[in-house]
Amino acid sequence: MQIFFSPASPFVRKCMVVAHELGIADRIEKLPSAAGPVKRDATIIPKNPLGQVPTLITDDGQVLFDSRVICEYLNATQSGKLFPADGEERWARLTELALADGMTGAALLARYETVLRPEELRWADWTDGQLAKVRTGLEWLESAAPSFGDRVDIGTIAFGCALGYMDFRFPSVDWRAEAPNSAKWFKGFNQRASMRATVPTA
């Protein structure tokens, strides 16, 4: 398998954490990419018209995107337990995934606004609004985290990558002070080998 890869992308990281948890990370070749929200990577577009990472090419040549599809594909092909098969637990995990991805997406938009947009065009209210989504997501996580225990599934993986991205790109945001339960859970989860192997880099 091959994946169009960026070491800074939290969505690529989520896929690779899943791969590590399933024991297949060494079977995925990382294809360097330079995907961006303005200037797209022309090498990705023939495979993914959006020109975005992550994009996975399976061993039989099928192309999959986005990260949620890739993660579920990897889990299914390995008969993994990261996605519950059905019932209330499945919908709960998928809802956690959606919330964590929404927090991550909002943080990405805030990052783009403060780094990629020309300074004279930056809109502080936009950045504040996106980070507010992260904070209200954290409020939900704060009440849920004490019940996570030792769970390792698509919900906890997505939350771990979301919080890791905040540490990576927004170190000045002291989210731990606002969410001590989440911080306690993340401290333990972040020690997993899959998380240590996928720490983002610029």
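Note: hydrogens, waters and symmetry copies are ignored here, and every other heavy atom, side chains too, is used.
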Determine whether more than 12 heavy atoms belonging to other residues, nucleotides or ligands lie under 6.0 Å from atom [atom1] of [X].
X	atom1	result
E120	CD	yes
D26	CG	yes
W91	CH2	no
R176	CZ	yes

Nearest-0.5 Å distance, [atom1] of residue [X] to [atom2] of residue [Y]:
X	Y	atom1	atom2	answer
L31	E29	CG	CD	5.0 Å
I157	L97	CD1	CG	10.0 Å
W126	L131	CH2	CG	11.5 Å
D59	Q2	CG	CD	9.0 Å
N48	I45	CG	CD1	8.5 Å
K47	L56	NZ	CG	11.5 Å

Mind running salt bridge (Lys or Arg N to Asp or Glu O under 4.0 Å) on R151 and E96 for me, showing each step along the way?
-> CA-CA 13 Å; R151 269 181 45 200; E96 290 174 354; 2.5 Å; yes
Carefully, step by step, assess F83 and L94 under the rule side-chain contact (heavy atoms from CB on, under 4.5 Å).
-> CA-CA 8 Å; F83 285 81; L94 292 180; 3.9 Å; yes
Intermediate values then yes/no, side-chain contact (heavy atoms from CB on, under 4.5 Å), M103 and M166 = CA-CA 10 Å; M103 293 166 64; M166 288 300 295; over 6 Å; no
Applying side chain to side chain donor-acceptor pair (under 3.5 Å), which residue pairs with at least one partner in residues 36-46 are found, sequence neighbours left out?
->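 Qualifying pairs, neighbours excluded: D41-T43.
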[Y] and [X], any side-chain heavy atoms less than 4.5 Å apart:
X	Y	value
W185	F159	yes
I3	T55	no
D167	F186	yes
P54	D66	no
R192	V152	yes
P49	F65	yes
Y73	T58	yes
V53	F11	no

Would you say R122's side chain and R117's backbone share a donor-acceptor pair under 3.5 angstrom?
-> yes
Taking the side chain from T136 and the backbone from K133, do they hold a donor-acceptor pair closer than 3.5 Å?
-> yes
E142-S182 side chain donor-acceptor pair, cut-off 3.5 Å = yes
Does any donor atom in the side chain of R13 or T198 lie under 3.5 Å from an acceptor atom in the other side chain?
->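 Side chains of R13 and T198: pair found under 3.5 Å.
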Please check if [X] and [Y] belong to a single hydrophobic cluster, counting links between Ile, Leu, Val, Met, Phe, Trp and Tyr side chain heavy atoms closer than 4.5 Å.
X	Y	answer
L163	V199	no
F4	V38	no
Y112	L121	no
L109	L116	yes

Nearest atoms (heavy-atom pairs only) where [X] meets [Y]:
X	Y	answer
T104	A162	OG1-CB, 3.2 Å
F168	A8	CE2-CB, 3.8 Å
K14	S67	NZ-OG, 2.9 Å
L22	G80	CD2-CA, 3.9 Å
L82	N75	N-OD1, 2.9 Å
F189	M195	O-CG, 3.6 Å

Candidate pair F5 and I28, rule side-chain contact (heavy atoms from CB on, under 4.5 Å), full reasoning = CA-CA 10 Å; F5 178 86; I28 302 177; over 6 Å; no
Evaluate side-chain hydrogen bond (donor to acceptor under 3.5 Å, both in side chains) for E21 paired with S194, printing each intermediate quantity in order.
-> CA-CA 6 Å; E21 292 290 345; S194 61; 2.6 Å; yes
side-chain contact (heavy atoms from CB on, under 4.5 Å) between C71 and I154, worked out | CA-CA 8 Å; C71 289; I154 195 58; 3.9 Å; yes
With the threshold set at 4.0 Å, does a side-chain nitrogen-carboxylate oxygen contact exist between D101 and R68?
-> yes
Looking at residues at least two apart in the chain, or sitting in another chain, which of them share a salt bridge (Lys or Arg N to Asp or Glu O under 4.0 Å) with E72?
->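 Checked E72 against salt bridge (Lys or Arg N to Asp or Glu O under 4.0 Å); matches are R90.
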